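Data first, discussion second: the structure below is written as structure tokens.
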Amino acid sequence: MLQDSIRSLLAQCNTILYRLLMHEWFDVEKKLESSANVAACAAGLDTTMFSADVRPADPRFGDFQVNGALPYAKRLKTNPREVAQKLVTAFEKDNSLTTVADLSIAGPGFINFKFKPQFYSNWLAAFATESDFKESASRFYSDERVVVDYGSPNTAKQMHVGHIRSVVIGEAICRLLEFCGAKVTRDNHIGDWGTPYGKLFFAYKRHLDESALTEDPLGELERLYKLGSELAGEDEAVLDECREELVKLQAEDPGAMALWEKVNELSIAGLKDVYDQLDVTFDCYLGESFYRDKVQQVYDELSDSDLAEESKGALVVFHPEHKRYAKQPFIIRKSDGASNYATTDLATMLYRHEHFNATRIVIVTDDRQKDHFEQLDLTTAKWFERTGRERPIFNHVMFGKITGEDGKPIKSRSGDPIRLKDLIAEAIERAYAVVKEKNPDLSDAELEHIAQTVGVGAIKYADLSPNRTSDYVFSWDKLLSFEGNTAPYLLYATARIQSIFRKLEGPQKEGLEKRASTLETDEEIALARKIVEFVGALQTTIETLRPHMLCLYLHELAGTFSAFYSANKVIVEEEGVQARRLILCSRTLLALKIGLSLLGIKTLERM
RNA sequence: GGGGCAGUAGCUCAGCUGGAUAGAGCACCUGAUUUCUAAUCCGGUGGUCGGGGGUUCGAGUCCCUCCUGCCCUACCA
């Protein structure tokens, strides 16, 4: 009895100790990097000239490789293989390394690390739940407060496919940052002020269809705005009336403001319907109107700190040190005295700094605005420096445009842009047909649920999986494809894994680590290795703010799993084999679930 | 005129910032004891990485140059 308690106590101590030891291996690349730096020091290398350069290796050579010997030897004009040999000798004095991996030198001086199967078992035991992952990952960005500005539609207009990238990419970035420990504020900088309101109000007051407004507020507002533009284009008198409406609004006339507020309320409600479908929720909607009383401070401070100057009647900022912006001005006040987007964007920088205490500001827009944001960043840097403010890191997360086959902006058959809600509806419809065909026995409620998840997931994944900076040729088939490197492929892998666990009795799912034997087959090792790579993929994704890096990884993981699944039967007689394979299944599922949720994609129990 | 982005397999794209024999998906050609979900897997066909020079142990990746396409370039956002 006493013996048993002692044994169990010892086992617990072991577990704790061992988890502490494994803890530093969460990020294998980082661990190898710091080991390499220690080794470089021990080997007597000039550490100021040494950079480890750790990366996943080609499986033919090893699991990870340290390539730092080559550039080091180049800089010092010595033999790279000798440098590598010195490093390996130093590495081999480090027990924490030699017990888990075999080292070898190859080619001109690559140092390959081949992990022992036991290492993978230990890693999989140490990082077993979402909170294990989150706890370790949340140290990456724990001291950051980030405002992410994405979405940015205009009021009184429906969103079309052109808006999808900002929403989907922006949301993925928010989730990634949050997972890595940052405090994130999601801010939708809507276009809710300015010239379109004159025309909208003119038409609203004369041609409003009340019932249409109740049924489809955004549709009706959009119709009215178009009507107003049309009428103003045809008739000078109408145009004058539109201008009058606008003047009233800008003077904040109570009647105009009441109507403006109503339009905004309806618009945001309409936008939220679509965001709900995409599982996106913003913390705030601080649009252009919010900053209209904050522009004077921008003019004053930029003028007082000698950044802004008068040029051709406008207030502008030049950057003499820049080859381009020395000549190309950043116009912060137009010659008619009105503000523009440069003004409001500067005001947002200040507000996000002061109100949210942001350490980082991320703005997600298309790449045509690259110049604008470069100028914004340069200007903010100088402005904040001269006024003694700490400047947040600024990232312009830009993306390429979506075009038709001809390279022009995409249009539906009627000539209007394809509405986002129509795209989503079609995706769900197509998914429904596929699910029903593949799995006719499911209840209708479950069918609907699966179709929803698969359809929306497919759209998001199609938008996240290409490199965001590339242009994008729109095609229904590509956005709604369910084959190949798509969300359904990843979801299918999760469904298969869960199906395995459904086959098991309760006790078979418990205490797997105790029963598991050491990983053995090529497919098992390959899968374990791929799971461990999750952390590196996460790092690369967040450092570059490029979600496609995570997509690429998840697709590889699902592929490695599928290969494992067909080659190695999981539910088998031998208890040890079954247990170790179940662990692999459960960790694959974990990595897929975390990864997909970071991309904003929901997972399924079955499909 | 100036600046930027891009050009990789028939098509759509990756290629982690200079690493080993350039990879996926689609399409095409083949297979897979009726199985823990075949929305899968194993093979195969397919490449002068736009052309030409250069830098070095090593270039799709860096530099120069030319070709092609797109975007920005003073008051739209």
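The structure displayed is predicted, hence computed values, not measured ones. Here is how names work: the chains are called A, B, and so on, in the same order as the sequence lines, proteins then strands, and each is numbered from 1.
- Separating the NZ atom of A/Lys569 from the C1' atom of B/C41 is a distance of 15 Å, rounded to the nearest angstrom.
- At a cut-off of 3.5 angstrom, counting only N and O atoms as typed in the model, there is a donor on one side and an acceptor on the other between the side-chain of A/Ser335 and the base of B/C75.
- Side chains of A/Ser289 and A/Asp192: a donor-acceptor N/O pair is present below 3.5 angstrom, by distance only.
- Phosphate proximity of B/C36 to A/Lys503: absent, as no side-chain N or O sits under 4.0 Å from OP1 or OP2.
- Comparing the P positions of B/G4 and B/A20 gives a spacing of 29 Å, expressed to the nearest Å.
- A close approach under 4.0 Å does not occur between any side-chain nitrogen or oxygen of A/Arg368 and OP1 or OP2 of B/C5.
- Residue A/Tyr341 has no polar side-chain atom (N or O) positioned under 4.0 Å from OP1 or OP2 of B/A77.
- The base of B/C72 lies close enough to the side chain of A/Arg324 for a donor and an acceptor atom to sit less than 3.5 Å apart.
- Heavy-atom minimum distance, A/Ser303 versus A/Leu315: OG-CD2, 4.0 Å.
- Side-chain nitrogen and oxygen atoms of A/His548 include at least one within less than 4.0 Å of the OP1 or OP2 phosphate oxygen of B/G15.
- To the nearest whole angstrom, the two C1' atoms, one in B/C26 and one in B/U45, are 15 Å apart.
- Residue A/Ala563 is in sugar-phosphate contact alone, with no base atom involved, counting any heavy-atom pair closer than 4.0 Å across all strands shown.
- Remark: B/U40 base-pairs with B/A32; criterion is Watson-Crick or G-U wobble with both hydrogen-bond distances under 3.5 Å.
- Within 4.0 Å (heavy atoms only), A/Leu70 reaches at least one base atom of the nucleic acid.
- The CZ-P distance, from A/Arg468 to B/C71, rounds to 21 Å in whole Å.
- Within 6.0 Å of the CD atom in A/Glu575, the count of heavy atoms belonging to other residues, nucleotides or ligands does not exceed 12.
- No contact: A/Asp58 has no heavy atom under 4.0 Å from any strand.
- Contact annotation: A/Ser562 does not reach the phosphate of B/A38 (side-chain N/O to OP1 or OP2, under 4.0 Å).
- Judged by atom type and distance alone, A/Asn67 does not reach the base of B/A20 through any side-chain donor-acceptor pair under 3.5 Å.
- Once the 5.5 Å centre distance and the 30° plane angle are applied, the aromatic ring of A/Phe61 is found stacked with the base of B/A20.
- In this structure, A/Leu490 atom CG and B/G25 atom P are separated by 13 Å, rounded to whole Å.
- Its glycosidic angle being more than 90° from 0, B/U61 falls on the anti side.
- Between B/G18 and B/A59, the two P atoms lie 13 Å apart (nearest whole Å).
- Contacts of A/Glu288 with the nucleic acid, taken as non-hydrogen atoms under 4.0 Å apart, involve only primed sugar atoms and P, OP1 or OP2.
- A/Asn264 and A/Ser267 form no side-chain donor-acceptor contact under 3.5 Å, judged by distance and modelled atom types alone.
- Pairing for B/G10 goes to B/C26, judged as Watson-Crick or G-U wobble with the two contacts each under 3.5 Å.
- In this structure, A/Pro71 reaches the bases: a heavy-atom distance under 4.0 Å links it to at least one base atom across the strands shown.
- Shown here is A/Lys436, whose NZ atom has no more than 12 heavy atoms of other residues, nucleotides or ligands within 6.0 Å.
- A/Ser311 contributes a side-chain N or O that forms a donor-acceptor pair with the base of B/A74 under 3.5 Å.
- Closest to the A/Arg502 side chain, of the nucleotides B/U37, B/U12, B/C71, is B/U37.
- Residue A/Lys323 is in sugar-phosphate contact alone, with no base atom involved, counting any heavy-atom pair closer than 4.0 Å across all strands shown.
- A/Ala338 comes within 4.0 angstrom of nothing in the nucleic acid, heavy atoms only.
- Of the C1' atoms belonging to B/G51 and B/U56, the separation is 23 Å, rounded to the nearest Å.
- For B/A39, one of the phosphate oxygens OP1 or OP2 lies less than 4.0 angstrom from a side-chain nitrogen or oxygen of A/Lys438.
- Across all strands shown, B/C5 forms a Watson-Crick or G-U wobble pair, both distances under 3.5 Å, with B/G69.
- Between B/G23 and B/U48, the two P atoms lie 15 Å apart (nearest whole Å).
- Comparing B/A9 with B/C16, their C1' atoms sit 22 Å apart, to the nearest whole Å.
- B/A20 has A/Phe110 stacked on its base ring, the centres lying under 5.5 angstrom apart and the planes within 30 degrees of parallel.
- Using a distance-only test at 3.5 Å, with no hydrogens or angles considered, a donor-acceptor pair links the side chain of A/Asn188 to the main chain of A/Ser152.
- Between A/Arg333 and B/C75 there is no side-chain N or O to OP1 or OP2 distance below 4.0 Å.
- Checked by atom type, the side-chain pair A/Asn467/A/Thr469 shows a donor-acceptor distance below 3.5 Å.
- The same atom, P, is picked in B/C49 and in B/G7; the two are 14 Å apart, to the nearest Å.
- Base engagement by A/Asn568 is indicated by at least one non-hydrogen atom pair under 4.0 Å involving a base atom.
- With C1' as the reference atom, B/A38 and B/G31 are 14 Å apart, rounded to whole Å.
- You won't find any donor-acceptor pair under 3.5 Å spanning the side chain of A/Lys327 and the base of B/G1, going by distance alone.
- Side-chain contact annotation: A/Thr379 with A/Tyr325, donor-acceptor N/O pair under 3.5 Å absent.
- A/Glu556 comes within contact range of no nucleotide atom at all, as no heavy-atom separation falls under 4.0 Å.
- For the OP1/OP2 pair of B/G25 and a distance below 4.0 Å, the side-chain nitrogens and oxygens of A/Tyr461 include no atom meeting the criterion.
- With B/U37, B/U21, B/A74 as the choices, the nucleotide that has an atom nearest any side-chain atom of A/Lys312 turns out to be B/A74.
- If you check B/U40, B/A74, B/A39 against the side chain of A/Val454, the one that comes closest is B/A39.
- The separation between A/Arg546 atom CZ and B/U17 atom P is 12 Å, rounded to whole Å.
- The distance between atom CD of A/Glu82 and atom C1' of B/C57, rounded to the nearest whole Å, is 14 Å.
- Here A/Val572 lies out of heavy-atom contact (under 4.0 Å) with every strand.
- For A/Lys74, no side-chain nitrogen or oxygen approaches OP1 or OP2 of B/G58 to under 4.0 Å.
- There is no side-chain donor-acceptor pair under 3.5 Å between A/Asp345 and A/Tyr291.
- Using a 4.0 Å heavy-atom cutoff across all strands shown, A/Phe501 reaches no nucleic acid atom at all.
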